Amino acid sequence: MGEQPIYTTRAHVFQIDPSTKKNWVPASKQAVTVSYFYDSTRNSYRIISVDGSKVIINSTITPNMTFTKTSQKFGQWADSRANTVFGLGFSSEQQLAKFADKFQEVKEAAKLARDKSQEKVDTLSNHSQESGRETPSANQASSINGTDDEKISHVGPEAALLKSENERLKTAVEQSNTNAKKWETELQTLRENNARLVDALQESSANVESWKKQLSACKEESDSLREKIAELEAQCNEANQEKQKNAQLSVRVQELEAELQDKEQELENLRKQAEIIPQLMTECESITAKLQAAETKNKELEGRIDGLQLDIDDSRQKQGNMKGELKKFMDILDGKIDELHEFRQGLSKLGVDN
């Protein structure tokens, strides 16, 4: 029957960077099909994934392999034969759980198949030793009975069966020795991979401590910026109070202008009365004096208006400067917050790598 798929799912495939042994390198641009295959002739299991015409996963499952969940939707396992680590990113936790359960199930089946194969090899080896002990008597019988042809004719099909069984046992023993050497090589490779992974874990721990210090420094700087923002907000409040005072002064100026118009109207009426009643020259002189006083007061008021206008312009200029400084500080704060966000993403990514 050959190989048959027994379980299929979809996931994003990654491989560990062979140069750094730390970072993940995407093996597929999008989610691809990942399948478990069972080979009935060899009694073996494989995980296979193909992206177009490219085979990106071809991993034979052995009892020594372990599938590790590193996050809610990501898992990985090491393949010593391929000398790499495969990673799978799933779209949901349920898919990851099903894949992990299937990996454990296939791993147990591979272990049972290996144990059965070892028992069969041991049985055949014992049988071969017993057949070897029986062979001298058969040879002795042949020397007594005559030639080899006579032996075959006298002994019958039992000798041919024993010979065939001995050949088969020799082949099984050689295959067992080959498998033993292969397993020793695989064990050595696993030890080397474990050593590299321990080194990578220690280095990652050191990097985490460094990132924690950097994060603490960023937090302190952020607190300092918040204090500066609070100070700027207080200054803005003072600017708003100055603005309110300026508004009050503007209202007062309008009141003074209205009062000035009233005085001008009163002066106009007095002039008309002076033209109509020439007899009231004395009163006119008094009115003229009042007029002069009003003009003087008018000039004073105009001077005060000019001073108030200058104060208003100065206040507006200060307010504009304060807004510019506040905008600069807000831009600095945004930059620091973006840097903090990048540090957090880096820390999350490191957690994924671990």
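We're numbering straight along the sequence, starting at 1. If you're wondering where the values come from, they're calculated on a predicted model, not measured in any experiment.
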| task | Could you tell me the separation between the CD atom of Glu302 and the CG atom of Asn298, rounded to the nearest 0.5 Å? | result | 4.5 Å
| task | Would you please classify the geometry between the Tyr36 ring and the Tyr7 ring as parallel, tilted or perpendicular, with 30° and 60° separating the classes? | result | tilted
| task | Evaluate the criterion side-chain hydrogen bond (donor to acceptor under 3.5 Å, both in side chains) for residue pair Ser28 and Asp51; output intermediate values, then yes/no. | result | CA-CA 7 Å; Ser28 62; Asp51 186 8; 5.2 Å; no
| task | Taking only Lys NZ, Arg NE, NH1 and NH2, and the carboxylate oxygens of Asp or Glu, determine whether Asp331 and Lys328 approach each other closer than 4.0 Å. | result | no
| Under 6.0 Å from the CD atom of Gln72, do we count more than 12 heavy atoms belonging to anything else shown? | no
| request: Measure the shortest side-chain to side-chain distance between Val50 and Ile56 over non-hydrogen atoms and say whether it is less than 4.5 angstrom. | output: no
| message | Side chains of Glu108 and Gln104: any donor to acceptor distance under 3.5 Å? | response | yes
| request: Verify the distance criterion only: is there a donor paired with an acceptor across the side chains of Asp17 and Ser19 at less than 3.5 Å? | output: yes
| request: Could you label the plane-to-plane angle of the Phe14 and Trp24 rings as parallel, tilted or perpendicular, counting under 30° as parallel and over 60° as perpendicular? | output: perpendicular
| said: Between Thr33 and Arg10, do the side chains contain a donor N or O and an acceptor N or O under 3.5 Å apart? | reply: yes
| message | Side chains of Tyr45 and Asp39 only: does a donor on one sit below 3.5 Å from an acceptor on the other? | response | no
| From CZ (Arg252) to CG (Leu301), nearest 0.5 Å | 8.5 Å
| field | Donor on one side chain, acceptor on other, Ser59 and Asp79, under 3.5 Å | value | yes
| message | A side-chain contact here means heavy atoms from C-beta on lying under 4.5 Å apart; do Lys228 and Phe329 qualify? | response | yes
| message | Tell me if the aromatic rings of Phe90 and Phe74 count as close, with their centers under 6.0 Å from one another. | response | no
| message | Within this structure, what is the CD1-CG distance for the pair Ile47 and Leu88, rounded to the nearest 0.5 Å? | response | 7.5 Å
| What residues, two or more places apart in sequence or in another chain, satisfy salt bridge (charged side-chain N to carboxylate O under 4.0 Å, His left out) together with Lys318? | Asp314
| message | For Glu325 versus Leu232, what's the shortest heavy-atom pair and its separation? | response | O-CD1, 4.3 Å
| Residue pair Ile61 / Ala110: nearest heavy atoms and the distance that separates them | O-CB, 3.9 Å
| request: Check whether more than 12 heavy atoms from other residues, nucleotides or ligands sit under 6.0 Å from atom NZ of Lys102, and answer yes or no. | output: yes
| query | Which is it for Arg226 and Asp223 under the salt bridge (Lys or Arg N to Asp or Glu O under 4.0 Å) test, yes or no, and what are the steps along the way? | reply | CA-CA 5 Å; Arg226 286 195 180 95; Asp223 293 337; 3.3 Å; yes
| field | Residues Arg46, Glu3: salt bridge by 4.0 Å N-O rule | value | yes
| query | Side chains of Ser91 and His12: does their closest heavy-atom pair fall under 4.5 Å? | reply | no
